2 protein chains.
Amino acid sequence: MADGAGPIISGKGGRTAARIRQAALELFSRLGFERTTMGEIAAAAGVSQPTLHYHFADKAQLWREAMLELGAVIAEEERLLGAAADAGPLAQLRMAMRLFLQISWKHPALGRIVALEGMAGGERLDWLVDNLIGARNRRLVGLARGAIAAGDLKPFPPEQLVVTLQTAGAGLVNMTPLMAANFGVDTARADQRQAHEQLILDALLGGLIISRQQDKSGGQP
Amino acid sequence: MADGAGPIISGKGGRTAARIRQAALELFSRLGFERTTMGEIAAAAGVSQPTLHYHFADKAQLWREAMLELGAVIAEEERLLGAAADAGPLAQLRMAMRLFLQISWKHPALGRIVALEGMAGGERLDWLVDNLIGARNRRLVGLARGAIAAGDLKPFPPEQLVVTLQTAGAGLVNMTPLMAANFGVDTARADQRQAHEQLILDALLGGLIISRQQDKSGGQP
DNA sequence: GCCATTTCTGATTACAAAGTCAGGAAATCG
DNA sequence: CGATTTCCTGACTTTGTAATCAGAAATGGC
(Lines give C-alpha, C1' and ligand atoms only; values in the text may rest on other atoms or scores of the structure.)
Protein backbone atom coordinates (compact mmCIF):
# COMPACT_ATOMS: atom_id res chain seq x y z
CA MET A 1 0.00 0.00 0.00
CA ALA A 2 2.93 2.33 -0.59
CA ASP A 3 0.78 4.19 -3.08
CA GLY A 4 -1.46 5.61 -0.42
CA ALA A 5 1.47 6.78 1.64
CA GLY A 6 1.88 10.17 0.03
CA PRO A 7 -0.36 13.15 0.47
CA ILE A 8 -3.90 12.33 -0.51
CA ILE A 9 -4.09 15.44 -2.64
CA SER A 10 -1.00 16.11 -4.67
CA GLY A 11 -2.52 18.00 -7.59
CA LYS A 12 -2.23 21.73 -7.36
CA GLY A 13 -5.35 23.64 -6.49
CA GLY A 14 -5.45 25.55 -9.77
CA ARG A 15 -8.16 25.55 -12.36
CA THR A 16 -6.28 23.28 -14.76
CA ALA A 17 -5.86 20.52 -12.20
CA ALA A 18 -9.55 20.81 -11.37
CA ARG A 19 -10.54 20.50 -15.01
CA ILE A 20 -8.34 17.44 -15.35
CA ARG A 21 -9.88 15.82 -12.27
CA GLN A 22 -13.33 16.53 -13.61
CA ALA A 23 -12.61 15.04 -17.03
CA ALA A 24 -10.88 12.07 -15.45
CA LEU A 25 -13.81 11.37 -13.14
CA GLU A 26 -16.26 11.35 -16.02
CA LEU A 27 -14.13 9.09 -18.23
CA PHE A 28 -12.99 6.72 -15.49
CA SER A 29 -16.55 6.25 -14.32
CA ARG A 30 -17.92 5.52 -17.76
CA LEU A 31 -15.13 3.36 -19.15
CA GLY A 32 -13.20 2.14 -16.16
CA PHE A 33 -9.54 2.57 -15.35
CA GLU A 34 -7.80 0.62 -18.10
CA ARG A 35 -10.14 1.57 -20.90
CA THR A 36 -9.52 5.24 -20.21
CA THR A 37 -6.28 6.66 -21.58
CA MET A 38 -4.34 9.63 -20.35
CA GLY A 39 -4.58 11.09 -23.84
CA GLU A 40 -8.38 11.01 -23.76
CA ILE A 41 -8.45 12.71 -20.38
CA ALA A 42 -6.03 15.35 -21.60
CA ALA A 43 -8.12 16.01 -24.70
CA ALA A 44 -11.30 16.24 -22.65
CA ALA A 45 -9.63 18.70 -20.30
CA GLY A 46 -8.16 20.70 -23.17
CA VAL A 47 -4.53 20.25 -22.22
CA SER A 48 -1.64 18.19 -23.50
CA GLN A 49 -0.96 14.75 -22.16
CA PRO A 50 2.26 15.56 -20.27
CA THR A 51 0.34 18.21 -18.34
CA LEU A 52 -1.44 15.38 -16.58
CA HIS A 53 1.89 14.12 -15.36
CA TYR A 54 2.88 17.56 -14.22
CA HIS A 55 -0.12 17.77 -11.90
CA PHE A 56 -0.40 14.12 -10.93
CA ALA A 57 2.37 11.62 -10.37
CA ASP A 58 0.81 8.81 -12.38
CA LYS A 59 -2.47 7.47 -13.66
CA ALA A 60 -3.36 5.75 -10.40
CA GLN A 61 -2.82 8.94 -8.45
CA LEU A 62 -5.02 10.88 -10.86
CA TRP A 63 -7.68 8.22 -10.44
CA ARG A 64 -7.61 8.54 -6.67
CA GLU A 65 -7.79 12.30 -6.73
CA ALA A 66 -10.61 12.23 -9.24
CA MET A 67 -12.50 9.91 -6.90
CA LEU A 68 -12.01 12.34 -4.04
CA GLU A 69 -14.25 14.75 -5.92
CA LEU A 70 -16.97 12.40 -4.79
CA GLY A 71 -16.00 12.83 -1.17
CA ALA A 72 -18.11 15.96 -0.96
CA VAL A 73 -21.09 13.97 -2.21
CA ILE A 74 -20.78 11.47 0.59
CA ALA A 75 -20.20 14.19 3.13
CA GLU A 76 -23.40 15.94 2.09
CA GLU A 77 -25.27 12.68 2.47
CA GLU A 78 -23.86 12.24 5.97
CA ARG A 79 -24.87 15.76 6.90
CA LEU A 80 -28.48 15.38 5.76
CA LEU A 81 -28.77 12.05 7.51
CA GLY A 82 -27.36 13.44 10.72
CA ALA A 83 -30.33 15.81 10.83
CA ALA A 84 -32.67 12.84 11.21
CA ALA A 85 -30.60 11.00 13.79
CA ASP A 86 -33.39 11.04 16.34
CA ALA A 87 -36.00 9.33 14.16
CA GLY A 88 -36.82 5.63 14.41
CA PRO A 89 -34.73 2.97 12.67
CA LEU A 90 -37.17 2.49 9.80
CA ALA A 91 -37.63 6.19 9.21
CA GLN A 92 -33.87 6.67 9.17
CA LEU A 93 -33.42 3.79 6.81
CA ARG A 94 -36.09 5.12 4.49
CA MET A 95 -34.46 8.50 4.45
CA ALA A 96 -31.03 6.99 3.84
CA MET A 97 -32.36 4.98 0.94
CA ARG A 98 -34.08 7.96 -0.59
CA LEU A 99 -30.89 9.97 -0.25
CA PHE A 100 -28.94 7.15 -1.82
CA LEU A 101 -31.23 7.09 -4.82
CA GLN A 102 -31.14 10.84 -5.25
CA ILE A 103 -27.36 10.87 -5.02
CA SER A 104 -27.17 8.08 -7.57
CA TRP A 105 -29.03 10.24 -10.03
CA LYS A 106 -27.27 13.46 -9.25
CA HIS A 107 -23.79 11.94 -9.37
CA PRO A 108 -23.87 8.90 -11.63
CA ALA A 109 -20.10 8.61 -11.50
CA LEU A 110 -20.14 7.26 -7.96
CA GLY A 111 -22.44 4.35 -8.73
CA ARG A 112 -20.63 3.48 -11.91
CA ILE A 113 -17.27 3.45 -10.21
CA VAL A 114 -18.47 1.26 -7.38
CA ALA A 115 -20.07 -1.11 -9.85
CA LEU A 116 -16.95 -1.32 -11.96
CA GLU A 117 -14.42 -1.77 -9.21
CA GLY A 118 -16.71 -3.73 -6.93
CA MET A 119 -16.92 -6.41 -9.57
CA ALA A 120 -13.23 -6.69 -10.32
CA GLY A 121 -11.71 -6.30 -6.88
CA GLY A 122 -8.13 -5.22 -6.36
CA GLU A 123 -6.30 -2.34 -4.78
CA ARG A 124 -8.51 0.34 -6.24
CA LEU A 125 -11.55 -1.28 -4.65
CA ASP A 126 -9.70 -1.48 -1.34
CA TRP A 127 -8.92 2.20 -1.61
CA LEU A 128 -12.55 3.04 -2.35
CA VAL A 129 -13.74 1.08 0.66
CA ASP A 130 -11.17 2.68 2.92
CA ASN A 131 -11.59 6.24 1.71
CA LEU A 132 -15.05 6.70 0.27
CA ILE A 133 -17.75 4.13 0.65
CA GLY A 134 -16.84 1.78 3.49
CA ALA A 135 -18.22 3.86 6.35
CA ARG A 136 -21.32 4.82 4.39
CA ASN A 137 -22.10 1.18 3.66
CA ARG A 138 -21.54 0.14 7.24
CA ARG A 139 -23.87 2.89 8.36
CA LEU A 140 -26.58 1.58 6.03
CA VAL A 141 -26.11 -1.94 7.33
CA GLY A 142 -26.45 -0.60 10.83
CA LEU A 143 -29.73 1.09 9.98
CA ALA A 144 -31.09 -2.04 8.33
CA ARG A 145 -30.03 -4.14 11.28
CA GLY A 146 -31.75 -1.73 13.60
CA ALA A 147 -34.97 -1.81 11.60
CA ILE A 148 -34.93 -5.59 11.61
CA ALA A 149 -34.24 -5.73 15.32
CA ALA A 150 -37.14 -3.34 15.91
CA GLY A 151 -39.40 -5.73 14.02
CA ASP A 152 -40.04 -3.29 11.20
CA LEU A 153 -38.45 -5.32 8.43
CA LYS A 154 -38.43 -8.95 7.47
CA PRO A 155 -35.23 -10.60 8.66
CA PHE A 156 -32.60 -10.87 5.94
CA PRO A 157 -28.83 -10.44 5.79
CA PRO A 158 -28.56 -6.66 6.05
CA GLU A 159 -25.49 -6.53 3.82
CA GLN A 160 -27.76 -7.68 1.04
CA LEU A 161 -29.91 -4.61 1.39
CA VAL A 162 -26.86 -2.46 0.81
CA VAL A 163 -25.72 -4.33 -2.25
CA THR A 164 -29.25 -4.40 -3.63
CA LEU A 165 -29.73 -0.71 -3.04
CA GLN A 166 -26.38 -0.04 -4.61
CA THR A 167 -26.92 -2.13 -7.72
CA ALA A 168 -30.63 -1.54 -8.24
CA GLY A 169 -30.52 2.09 -7.22
CA ALA A 170 -27.72 3.02 -9.57
CA GLY A 171 -28.76 0.42 -12.11
CA LEU A 172 -30.99 2.44 -14.34
CA VAL A 173 -28.50 5.27 -14.67
CA ASN A 174 -25.54 2.94 -15.04
CA MET A 175 -27.25 0.89 -17.70
CA THR A 176 -28.23 3.80 -19.88
CA PRO A 177 -26.23 2.43 -22.84
CA LEU A 178 -27.83 -0.99 -22.45
CA MET A 179 -31.33 0.44 -22.36
CA ALA A 180 -30.60 2.60 -25.37
CA ALA A 181 -29.22 -0.33 -27.34
CA ASN A 182 -31.93 -2.77 -26.31
CA PHE A 183 -35.04 -0.60 -26.24
CA GLY A 184 -34.06 2.66 -27.84
CA VAL A 185 -35.14 4.59 -24.77
CA ASP A 186 -33.12 7.21 -22.97
CA THR A 187 -33.36 6.22 -19.34
CA ALA A 188 -31.34 9.17 -18.17
CA ARG A 189 -34.33 11.46 -18.51
CA ALA A 190 -35.86 13.14 -15.51
CA ASP A 191 -39.27 11.49 -15.79
CA GLN A 192 -37.59 8.09 -15.78
CA ARG A 193 -35.81 9.09 -12.62
CA GLN A 194 -39.06 9.80 -10.84
CA ALA A 195 -40.60 6.51 -11.86
CA HIS A 196 -37.51 4.54 -10.96
CA GLU A 197 -37.16 6.02 -7.51
CA GLN A 198 -40.81 5.10 -6.97
CA LEU A 199 -40.16 1.59 -8.25
CA ILE A 200 -37.22 0.94 -5.97
CA LEU A 201 -38.83 2.38 -2.88
CA ASP A 202 -42.11 0.62 -3.57
CA ALA A 203 -40.24 -2.57 -4.08
CA LEU A 204 -37.66 -2.59 -1.32
CA LEU A 205 -39.76 -0.90 1.33
CA GLY A 206 -43.18 -2.05 0.24
CA GLY A 207 -42.01 -5.61 -0.12
CA LEU A 208 -39.90 -5.91 3.00
CA ILE A 209 -41.78 -3.94 5.58
CA ILE A 210 -43.69 -5.88 8.18
CA SER A 211 -46.95 -3.99 8.25
CA ARG A 212 -48.14 -3.26 11.74
CA GLN A 213 -51.67 -2.47 12.71
CA GLN A 214 -52.17 0.98 11.13
CA ASP A 215 -48.91 2.29 12.55
CA LYS A 216 -47.50 4.07 9.55
CA SER A 217 -45.61 6.79 11.37
CA GLY A 218 -42.33 4.94 11.68
CA GLY A 219 -42.05 5.69 15.39
CA GLN A 220 -40.50 3.27 17.87
CA PRO A 221 -42.76 0.83 19.69
CA MET B 1 -17.75 -33.38 -35.98
CA ALA B 2 -17.66 -31.04 -33.06
CA ASP B 3 -18.85 -32.18 -29.67
CA GLY B 4 -19.67 -28.59 -28.72
CA ALA B 5 -23.18 -27.85 -27.55
CA GLY B 6 -23.51 -24.37 -28.94
CA PRO B 7 -23.19 -22.50 -32.21
CA ILE B 8 -19.61 -21.84 -33.19
CA ILE B 9 -18.37 -19.12 -35.45
CA SER B 10 -14.76 -19.75 -36.35
CA GLY B 11 -13.14 -21.62 -33.47
CA LYS B 12 -12.46 -25.27 -34.13
CA GLY B 13 -14.54 -27.72 -32.16
CA GLY B 14 -11.61 -29.41 -30.47
CA ARG B 15 -10.89 -29.59 -26.77
CA THR B 16 -8.17 -26.96 -26.88
CA ALA B 17 -10.46 -24.36 -28.41
CA ALA B 18 -13.11 -25.22 -25.85
CA ARG B 19 -10.64 -24.80 -22.98
CA ILE B 20 -9.61 -21.44 -24.38
CA ARG B 21 -13.21 -20.29 -24.67
CA GLN B 22 -13.87 -21.38 -21.11
CA ALA B 23 -10.86 -19.57 -19.70
CA ALA B 24 -11.64 -16.50 -21.78
CA LEU B 25 -15.24 -16.39 -20.57
CA GLU B 26 -14.19 -16.52 -16.96
CA LEU B 27 -11.52 -13.83 -17.30
CA PHE B 28 -13.49 -11.52 -19.56
CA SER B 29 -16.46 -11.64 -17.23
CA ARG B 30 -14.44 -10.88 -14.13
CA LEU B 31 -12.08 -8.26 -15.49
CA GLY B 32 -13.67 -6.98 -18.67
CA PHE B 33 -12.30 -6.94 -22.18
CA GLU B 34 -9.33 -4.58 -21.91
CA ARG B 35 -8.16 -5.67 -18.50
CA THR B 36 -7.89 -9.26 -19.69
CA THR B 37 -4.81 -10.10 -21.73
CA MET B 38 -4.37 -12.83 -24.28
CA GLY B 39 -1.42 -14.05 -22.26
CA GLU B 40 -3.55 -14.54 -19.16
CA ILE B 41 -6.14 -16.45 -21.11
CA ALA B 42 -3.46 -18.63 -22.65
CA ALA B 43 -1.95 -19.36 -19.25
CA ALA B 44 -5.34 -20.20 -17.76
CA ALA B 45 -6.07 -22.54 -20.65
CA GLY B 46 -2.62 -24.12 -20.42
CA VAL B 47 -1.49 -23.23 -23.94
CA SER B 48 0.88 -20.72 -25.44
CA GLN B 49 -0.32 -17.30 -26.48
CA PRO B 50 -0.04 -17.77 -30.27
CA THR B 51 -2.32 -20.78 -29.97
CA LEU B 52 -5.13 -18.35 -29.24
CA HIS B 53 -4.50 -16.71 -32.59
CA TYR B 54 -4.47 -20.05 -34.32
CA HIS B 55 -7.98 -20.83 -33.13
CA PHE B 56 -9.43 -17.32 -33.13
CA ALA B 57 -8.73 -14.50 -35.53
CA ASP B 58 -8.27 -11.84 -32.89
CA LYS B 59 -9.18 -10.89 -29.34
CA ALA B 60 -12.61 -9.53 -30.28
CA GLN B 61 -13.47 -12.74 -32.08
CA LEU B 62 -12.41 -14.81 -29.08
CA TRP B 63 -14.57 -12.61 -26.90
CA ARG B 64 -17.62 -13.15 -29.08
CA GLU B 65 -17.14 -16.91 -29.21
CA ALA B 66 -16.61 -17.06 -25.48
CA MET B 67 -19.90 -15.23 -25.04
CA LEU B 68 -21.66 -17.76 -27.21
CA GLU B 69 -20.97 -20.31 -24.48
CA LEU B 70 -23.73 -18.46 -22.68
CA GLY B 71 -26.13 -19.01 -25.54
CA ALA B 72 -26.99 -22.40 -24.12
CA VAL B 73 -27.87 -20.78 -20.82
CA ILE B 74 -30.35 -18.44 -22.45
CA ALA B 75 -31.78 -21.23 -24.56
CA GLU B 76 -32.41 -23.34 -21.46
CA GLU B 77 -34.19 -20.40 -19.89
CA GLU B 78 -36.39 -20.03 -22.98
CA ARG B 79 -37.22 -23.70 -22.91
CA LEU B 80 -38.29 -23.75 -19.27
CA LEU B 81 -40.37 -20.64 -19.76
CA GLY B 82 -42.07 -22.05 -22.80
CA ALA B 83 -43.46 -24.81 -20.62
CA ALA B 84 -45.49 -22.25 -18.67
CA ALA B 85 -46.70 -20.29 -21.67
CA ASP B 86 -50.33 -20.89 -20.81
CA ALA B 87 -50.20 -19.42 -17.31
CA GLY B 88 -51.38 -15.91 -16.52
CA PRO B 89 -49.16 -12.87 -17.08
CA LEU B 90 -48.21 -12.48 -13.45
CA ALA B 91 -47.46 -16.18 -13.00
CA GLN B 92 -45.29 -16.14 -16.11
CA LEU B 93 -43.48 -13.05 -14.95
CA ARG B 94 -42.86 -14.55 -11.54
CA MET B 95 -41.46 -17.69 -13.12
CA ALA B 96 -39.29 -15.68 -15.48
CA MET B 97 -37.90 -13.66 -12.61
CA ARG B 98 -37.18 -16.74 -10.54
CA LEU B 99 -35.42 -18.30 -13.50
CA PHE B 100 -33.45 -15.14 -14.04
CA LEU B 101 -32.23 -15.19 -10.45
CA GLN B 102 -31.31 -18.85 -10.56
CA ILE B 103 -29.41 -18.37 -13.81
CA SER B 104 -27.60 -15.40 -12.33
CA TRP B 105 -26.29 -17.62 -9.59
CA LYS B 106 -25.51 -20.61 -11.72
CA HIS B 107 -23.72 -18.63 -14.43
CA PRO B 108 -22.32 -15.49 -12.85
CA ALA B 109 -20.41 -14.67 -16.02
CA LEU B 110 -23.53 -13.60 -17.87
CA GLY B 111 -24.57 -11.00 -15.34
CA ARG B 112 -21.07 -9.66 -14.98
CA ILE B 113 -20.63 -9.27 -18.71
CA VAL B 114 -23.93 -7.48 -19.13
CA ALA B 115 -23.09 -5.19 -16.24
CA LEU B 116 -19.66 -4.39 -17.63
CA GLU B 117 -20.60 -3.78 -21.23
CA GLY B 118 -24.03 -2.34 -20.46
CA MET B 119 -22.35 0.45 -18.59
CA ALA B 120 -19.74 1.32 -21.18
CA GLY B 121 -21.69 0.91 -24.40
CA GLY B 122 -20.02 0.31 -27.73
CA GLU B 123 -19.93 -2.38 -30.34
CA ARG B 124 -19.58 -5.26 -27.91
CA LEU B 125 -22.76 -4.19 -26.17
CA ASP B 126 -24.53 -3.96 -29.53
CA TRP B 127 -23.35 -7.47 -30.32
CA LEU B 128 -24.61 -8.75 -26.97
CA VAL B 129 -28.02 -7.21 -27.52
CA ASP B 130 -28.27 -8.59 -31.04
CA ASN B 131 -27.01 -12.06 -30.29
CA LEU B 132 -27.64 -12.91 -26.66
CA ILE B 133 -29.77 -10.77 -24.44
CA GLY B 134 -31.94 -8.55 -26.62
CA ALA B 135 -34.76 -10.98 -27.24
CA ARG B 136 -34.71 -12.22 -23.66
CA ASN B 137 -35.04 -8.69 -22.33
CA ARG B 138 -37.84 -7.84 -24.73
CA ARG B 139 -39.65 -10.97 -23.62
CA LEU B 140 -39.39 -9.87 -20.00
CA VAL B 141 -40.69 -6.42 -20.85
CA GLY B 142 -43.60 -8.05 -22.64
CA LEU B 143 -44.45 -10.11 -19.58
CA ALA B 144 -44.26 -7.09 -17.30
CA ARG B 145 -46.40 -5.07 -19.69
CA GLY B 146 -48.95 -7.87 -19.75
CA ALA B 147 -49.06 -8.08 -15.97
CA ILE B 148 -49.56 -4.33 -15.72
CA ALA B 149 -52.27 -4.36 -18.38
CA ALA B 150 -54.01 -7.16 -16.50
CA GLY B 151 -54.03 -4.98 -13.40
CA ASP B 152 -51.71 -7.27 -11.48
CA LEU B 153 -48.84 -4.85 -11.08
CA LYS B 154 -48.54 -1.19 -10.28
CA PRO B 155 -47.98 0.81 -13.45
CA PHE B 156 -44.33 1.62 -14.07
CA PRO B 157 -42.07 1.71 -17.12
CA PRO B 158 -41.62 -2.01 -17.77
CA GLU B 159 -38.08 -1.54 -19.04
CA GLN B 160 -37.20 -0.53 -15.52
CA LEU B 161 -38.25 -3.89 -14.20
CA VAL B 162 -35.80 -5.55 -16.53
CA VAL B 163 -32.91 -3.32 -15.61
CA THR B 164 -33.74 -3.64 -11.93
CA LEU B 165 -33.98 -7.40 -12.14
CA GLN B 166 -30.73 -7.49 -14.07
CA THR B 167 -28.77 -5.28 -11.71
CA ALA B 168 -30.30 -6.34 -8.41
CA GLY B 169 -30.55 -9.99 -9.35
CA ALA B 170 -26.96 -10.34 -10.40
CA GLY B 171 -25.81 -7.72 -7.93
CA LEU B 172 -24.91 -9.88 -4.97
CA VAL B 173 -22.87 -12.30 -7.05
CA ASN B 174 -21.26 -9.55 -9.11
CA MET B 175 -20.31 -7.56 -6.07
CA THR B 176 -18.63 -10.41 -4.23
CA PRO B 177 -15.28 -8.55 -4.14
CA LEU B 178 -16.96 -5.43 -2.77
CA MET B 179 -18.77 -7.32 -0.05
CA ALA B 180 -15.58 -9.12 0.89
CA ALA B 181 -13.61 -5.89 1.07
CA ASN B 182 -16.28 -3.93 2.91
CA PHE B 183 -17.75 -6.50 5.28
CA GLY B 184 -15.45 -9.47 5.14
CA VAL B 185 -18.31 -11.75 4.18
CA ASP B 186 -18.30 -14.19 1.31
CA THR B 187 -21.57 -13.52 -0.46
CA ALA B 188 -21.02 -16.24 -3.02
CA ARG B 189 -22.07 -18.90 -0.50
CA ALA B 190 -25.16 -20.98 -1.05
CA ASP B 191 -27.01 -19.79 2.04
CA GLN B 192 -26.55 -16.22 0.90
CA ARG B 193 -28.03 -17.20 -2.42
CA GLN B 194 -31.19 -18.49 -0.82
CA ALA B 195 -31.68 -15.37 1.28
CA HIS B 196 -30.98 -13.07 -1.64
CA GLU B 197 -33.43 -14.73 -3.97
CA GLN B 198 -36.00 -14.36 -1.23
CA LEU B 199 -35.11 -10.71 -0.77
CA ILE B 200 -35.44 -9.85 -4.44
CA LEU B 201 -38.68 -11.72 -4.94
CA ASP B 202 -40.18 -10.36 -1.73
CA ALA B 203 -39.16 -6.91 -2.76
CA LEU B 204 -39.99 -6.77 -6.44
CA LEU B 205 -43.09 -8.92 -6.33
CA GLY B 206 -44.27 -8.19 -2.83
CA GLY B 207 -43.79 -4.48 -3.31
CA LEU B 208 -45.23 -4.11 -6.78
CA ILE B 209 -48.14 -6.48 -6.85
CA ILE B 210 -51.57 -4.95 -6.60
CA SER B 211 -53.49 -7.00 -4.13
CA ARG B 212 -56.85 -7.45 -5.78
CA GLN B 213 -58.97 -8.00 -2.65
CA GLN B 214 -58.80 -4.47 -1.34
CA ASP B 215 -57.38 -2.73 -4.41
CA LYS B 216 -55.60 0.08 -2.67
CA SER B 217 -54.22 2.44 -5.25
CA GLY B 218 -51.63 5.16 -4.94
CA GLY B 219 -50.82 5.62 -1.27
CA GLN B 220 -47.39 4.30 -0.43
CA PRO B 221 -46.59 3.42 3.20
C1' DG C 1 11.56 46.52 -17.89
C1' DC C 2 14.05 42.06 -15.99
C1' DC C 3 14.47 37.92 -13.30
C1' DA C 4 12.49 33.86 -10.93
C1' DT C 5 9.01 30.61 -10.49
C1' DT C 6 5.26 28.15 -12.00
C1' DT C 7 2.85 26.03 -15.62
C1' DC C 8 2.64 23.70 -19.80
C1' DT C 9 4.16 21.20 -24.29
C1' DG C 10 6.69 18.65 -28.28
C1' DA C 11 9.64 15.13 -28.78
C1' DT C 12 11.18 10.99 -27.09
C1' DT C 13 11.65 6.75 -24.41
C1' DA C 14 10.05 2.42 -22.18
C1' DC C 15 7.16 -1.10 -22.01
C1' DA C 16 3.31 -4.15 -22.29
C1' DA C 17 0.33 -6.53 -25.11
C1' DA C 18 -1.79 -7.80 -29.70
C1' DG C 19 -0.78 -9.92 -33.67
C1' DT C 20 2.51 -12.48 -37.33
C1' DC C 21 5.30 -16.13 -39.12
C1' DA C 22 8.38 -19.88 -40.01
C1' DG C 23 8.95 -24.09 -38.50
C1' DG C 24 8.47 -28.11 -35.17
C1' DA C 25 5.47 -31.71 -33.04
C1' DA C 26 1.63 -34.63 -33.30
C1' DA C 27 -2.10 -36.70 -35.21
C1' DT C 28 -4.25 -38.87 -39.59
C1' DC C 29 -4.14 -41.51 -43.61
C1' DG C 30 -2.21 -44.08 -47.72
C1' DC D 1 6.57 -47.04 -42.88
C1' DG D 2 6.32 -42.20 -45.21
C1' DA D 3 3.31 -38.41 -46.63
C1' DT D 4 0.13 -35.00 -45.44
C1' DT D 5 -2.61 -32.29 -42.76
C1' DT D 6 -3.72 -30.40 -38.33
C1' DC D 7 -2.22 -28.33 -34.29
C1' DC D 8 0.92 -25.77 -31.57
C1' DT D 9 5.07 -22.82 -30.19
C1' DG D 10 9.40 -19.65 -29.90
C1' DA D 11 10.96 -15.67 -31.73
C1' DC D 12 9.74 -11.59 -33.81
C1' DT D 13 7.22 -7.19 -35.31
C1' DT D 14 3.90 -3.67 -34.50
C1' DT D 15 1.09 -0.76 -31.92
C1' DG D 16 -0.84 1.78 -28.27
C1' DT D 17 -0.01 4.11 -24.12
C1' DA D 18 2.19 5.54 -19.69
C1' DA D 19 5.92 8.08 -18.29
C1' DT D 20 10.19 11.30 -18.93
C1' DC D 21 12.60 15.44 -20.03
C1' DA D 22 14.45 19.59 -21.95
C1' DG D 23 12.87 23.67 -22.90
C1' DA D 24 9.04 27.15 -24.18
C1' DA D 25 5.40 30.04 -22.49
C1' DA D 26 3.01 32.24 -18.96
C1' DT D 27 2.77 34.35 -14.32
C1' DG D 28 4.17 37.11 -10.55
C1' DG D 29 7.51 39.94 -7.77
C1' DC D 30 10.67 43.69 -7.84
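Throughout, protein chains are lettered first and strands after them, A, B, ... in sequence-line order, and every chain is numbered starting at 1. Keep in mind it's a predicted model, so treat the numbers as computed, not measured.
Protein atom CD of B:Glu40 is 8 Å distant from nucleotide atom P of C:dA17, rounded to whole Å. Regarding B:Ile41, its CD1 atom lies at a distance of 14 Å from the C1' atom of C:dG19, rounded to whole Å. Atom CG in B:Leu62 sits about 13 Å away from atom C1' in C:dG19, given to the nearest Å. The distance from atom NZ of B:Lys59 to atom P of C:dA18 is 5 Å, rounded to the nearest whole Å. Spacing between atom NE2 of A:His53 and atom P of C:dT13 amounts to 17 Å, rounded to whole angstrom units. One interatomic measurement links the two molecules: CH2 of B:Trp63 to P of C:dA17, which rounds to 21 Å at whole-angstrom precision. Between B:Gln61 atom CD and C:dT20 atom P the separation is 13 Å, expressed in whole Å. Put simply, CZ on A:Arg35 is 16 Å from C1' on D:dG16, counting in whole angstrom units.
Taking only side-chain nitrogens and oxygens, A:Tyr54 never comes nearer than 4.0 Å to OP1 or OP2 of C:dC8. For the OP1/OP2 pair of C:dT7 and a distance below 4.0 Å, the side-chain nitrogens and oxygens of A:Thr16 include no atom meeting the criterion. A close approach under 4.0 Å does occur between a side-chain nitrogen or oxygen of B:His55 and OP1 or OP2 of D:dC8.
Across residues 45-52 of chain B, B:Gln49, B:Pro50 each have a non-hydrogen atom less than 4.0 Å from an atom of DNA chain C (numbered order).
Using a 4.0 Å cut-off between a side-chain N of Lys or Arg and a carboxylate O of Asp or Glu, B:Arg98 and B:Glu197 qualify as a salt bridge. For the pair B:Glu76 and B:Lys106, the salt-bridge criterion is not met [side-chain N within less than 4.0 Å of a carboxylate O].
The backbone N or O of B:Gln192 lies less than 3.5 Å from a partner atom in the side chain of A:Gln160, making a donor-acceptor pair.
Scanning for salt bridge (charged side-chain N to carboxylate O under 4.0 Å, His left out) contacts around B:Glu34 gives A:Arg35, B:Arg124, with sequence neighbours left out.
Of all the heavy atoms in B:Val114 and A:Met175, the pair that sits closest is O-SD, 4.1 Å. Closest approach of B:Glu77 to B:Leu99, counting heavy atoms only: O-CD1, 3.8 Å.
Using a 3.5 Å distance cut-off with no hydrogens or angles, the side chains of B:Glu65 and B:Gln61 do pair a donor with an acceptor.
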